[in-house]
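First up is the structure itself, then whatever we jot down about it.
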Amino acid sequence: MSILEEISDNLQHGKAKAVKELVQQAVDEGIPPETVLKEGMLPGMNIIGEKFKNNEVYVPEVLVAARAMNMGAQVLKPYLEKAGVKAVGKVCLGTVQGDLHDIGKNLVKMMLEGKGLEVIDLGVDVSPDTFVNTAVEQNCQIICCSALLTTTMGVMGEVVKKAEEAGIRDKVKIMIGGAPVSQAFCDQIGADCYTPDAASCADAAVQFCLAMQ
Amino acid sequence: MKSRERFTAVFNNTLPDDRLPAIEWASWWWDRTIMEWQKQGLPDTLGFHDVAPYLKLDQHYQFWFPHRRSDCPQPAFNGGPIAEDEEEYEKILPYLYPLEEAEAHIEVMKTLKAGHDNGDYPVWFSLDGGFWFPRTILGIENHLYSFYDQPELYHRMLDDLADFQLKLLEKMYAVITPDFMTFGEDMSYNNGPMISEDSFDEFLLPYYEKIVPYIKAHGTKVIVDTDGDVSKMIPWLMRAGIEGVLPLERQAGVDVVALRELYPKFIFIGAFDKMTMRRGVDDMRGEFERLLPVMKTGGFIPSCDHQTPPDVPLERYRIYVEMLKEYAEKAVKG
């Protein structure tokens, strides 16, 4: 097994310490940081994401894998910056105003980062203004809104309206998700994309960012 | 037929003589819904247990035993941890498993015994389950990591939990024999189980195997309360001796009609898509029509598939109750 395969395998099994050490070893051995990312870490997260979509692994397995990914990414970050490697895109993410549930949002964040996207986590109870202002100030390509409650999902529609008012609707994709949200609701409020799970969200976000490059 | 007899009939996979029970399974109405309805004419003088009979639903009494003392330290934020590791668990142990506070509930149950024995209403109790309880202690996210990071602590917590629950159940059964019970779990979400079958078997199954046979030996039906899509978990739960599930959330994709085909004797409570209550009368009727074939099979109590949302007007809810009773009768009379 090559060191890149080892990184992928350990990442899939959530072995954060091993991933961190292997990433450092790979860099020390002269493997370009972008190669470590694209041929070691990202394939590992992709496999976990696919398995998660297919209910072959579950939330704890995704969390420990994503944690391993983040540990490896911390090691790799300065090398990537030095090599001039940029993130695939930038996303601001949060649970909408009135809603304090964040486990789904956190899963999405980990999956997005696992796909090489830069994520600005706005936390929970995020107002439509905050979503839109952050997207403007930080040049985000994507706004991701999460809601668990039927009573708060309506805020997502306000995010769409605020983005229109701010004149950024053609520059930013608005993605929505969470237990009460559906494709029909996405269509109704004029958002760009609904995904049923965190892994699908990350896949779609990458596609949007690549299309906008 | 008396109210309790209706429940008993359904739990035995038969049909009552007159109609199915008509209940809102969640005895704790959403406070926001109650506040909205009070603006629309619901008397604000109604006590906790007065709302169901006022709305012409069948009375039932739920007791959720406390698992933490009322003075137990609280999480710093919603879903946050009280204890994150074994050392912190040791520190809060004096606040956990409060038998005296649980006994206070049993004293209240005592006051309902005469009516219960007389068949006027069913009584049920709820316990924090092996997924739920550690989550309240460790916090939502840390709890999910704990299956990998702190398996020994998880096992220890469930051993302690089972010991506590067996002690309190012994005291309760000396006083009253409830008709059914729920393990509060919420271990599924809109995409299915939150944990794997392997994790379920390693952590939760041994816990259930300690408690469930004791409860069933007293004739109390054992049901798991887990929001989201429980479909995939049902065989796991059956292996643990569980006899039913609620609330079967339609929004999460649960299809009680398909589940009934797969599990002819499993008890189902809930399954009525609450979103139809927001959309209007025609949608509600359509939803009852969807459920009617399952209602006719016994072992199913139709009820809102979680709590009624606050934006359902009181007047529409009254129509819902009328319709619920109409179909509850139709189910048994053809």
Side-chain angles (χ1 to χ4, degrees), chain A residues 12-17 49 51-68 70 95 98-110 123-125 146-154 177-185 188 194-201, chain B residues 30 32-33 36 75 77-80 131 135 138-151 154 186-200 202-203 227-229 231-233 236 249-254 273-275 277-279 305-312:
Chain A
Q12 289 171 55
H13 289 93
K15 294 180 179 171
K17 191 164 170 275
K51 285 185 175 176
F52 184 52
K53 270 193 271 186
N54 298 327
N55 266 348
E56 293 168 39
V57 298
Y58 295 82
V59 181
E61 288 77 24
V62 173
L63 286 174
V64 294
R67 182 173 59 187
N70 287 337
T95 304
D99 203 325
L100 301 174
H101 298 87
D102 66 356
I103 185 73
K105 184 265 296 174
N106 292 347
L107 272 174
V108 169
K109 178 187 177 187
M110 289 173 176
V124 298
D125 195 16
S146 170
L148 184 81
L149 305 174
T150 52
T151 48
T152 58
M153 60 197 262
V181 181
S182 63
Q183 184 60 53
F185 179 71
Q188 182 192 323
Y194 156 76
T195 49
D197 59 75
S200 305
C201 173
Chain B
W30 203 349
R32 291 179 60 185
T33 303
E36 287 302 317
F77 55 91
N78 187 29
F131 189 82
R135 181 175 51 200
L138 298 168
I140 292 172
E141 205 156 314
N142 191 37
H143 168 244
L144 291 164
Y145 281 114
S146 70
F147 291 97
Y148 284 88
D149 292 353
Q150 307 185 82
Y154 207 109
D186 283 355
M187 56 183 163
S188 41
Y189 70 126
N190 57 339
N191 291 319
M194 294 189 81
I195 58 170
S196 67
E197 187 170 9
D198 286 347
S199 295
F200 178 88
E202 182 187 339
F203 294 95
D227 297 349
D229 186 357
S231 310
K232 191 174 177 179
M233 293 193 90
W236 314 353
E249 285 188 288
R250 186 68 177 141
Q251 186 80 357
V254 179
D273 183 357
K274 60 186 168 295
M275 304 304 272
M277 299 163 87
R278 308 170 88 188
R279 292 200 290 266
D305 66 350
H306 207 274
Q307 290 155 303
T308 301
D311 54 0
V312 175

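First the proteins, then the strands, lettered A, B, ... as listed; each starts at 1.
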Centroid-centroid under 6.0 Å between A:Tyr194 and A:Phe185 rings
no

Can you sort out the partners of A:Asp99 under salt bridge (Lys or Arg N to Asp or Glu O under 4.0 Å), two or more places apart, ordered by chain and number?
none

Mind ranking [options] by heavy-atom pairs under 4.5 Å with chain A and telling me who comes out on top?
options	result
B:Phe77, B:Tyr189, B:Tyr148	B:Tyr148
B:Pro193, B:Pro310, B:Ser146	B:Pro193
B:Lys274, B:Glu249, B:Gln251, B:His143	B:Gln251

Portion of B:Asp227 that has a non-hydrogen atom of chain A nearer than 4.5 angstrom
neither

Tell me, for B:Asp311 versus chain A, whether the close heavy atoms (under 4.5 Å) come from the side chain, the backbone, both or neither.
neither

Looking just at side-chain N and O atoms, do B:Ser196 and B:Asp198 make a donor-acceptor pair shorter than 3.5 Å?
no

Over 60° means perpendicular and under 30° means parallel, so tell me whether B:Phe147 and B:Phe203 are parallel, tilted or perpendicular.
perpendicular

Around atom NZ of A:Lys53, are there more than 12 heavy atoms from other residues, nucleotides or ligands closer than 6.0 Å?
yes

Please classify the contact between A:Glu61 and chain B as side chain, backbone, both or neither, with a heavy-atom cut-off of under 4.5 Å.
both

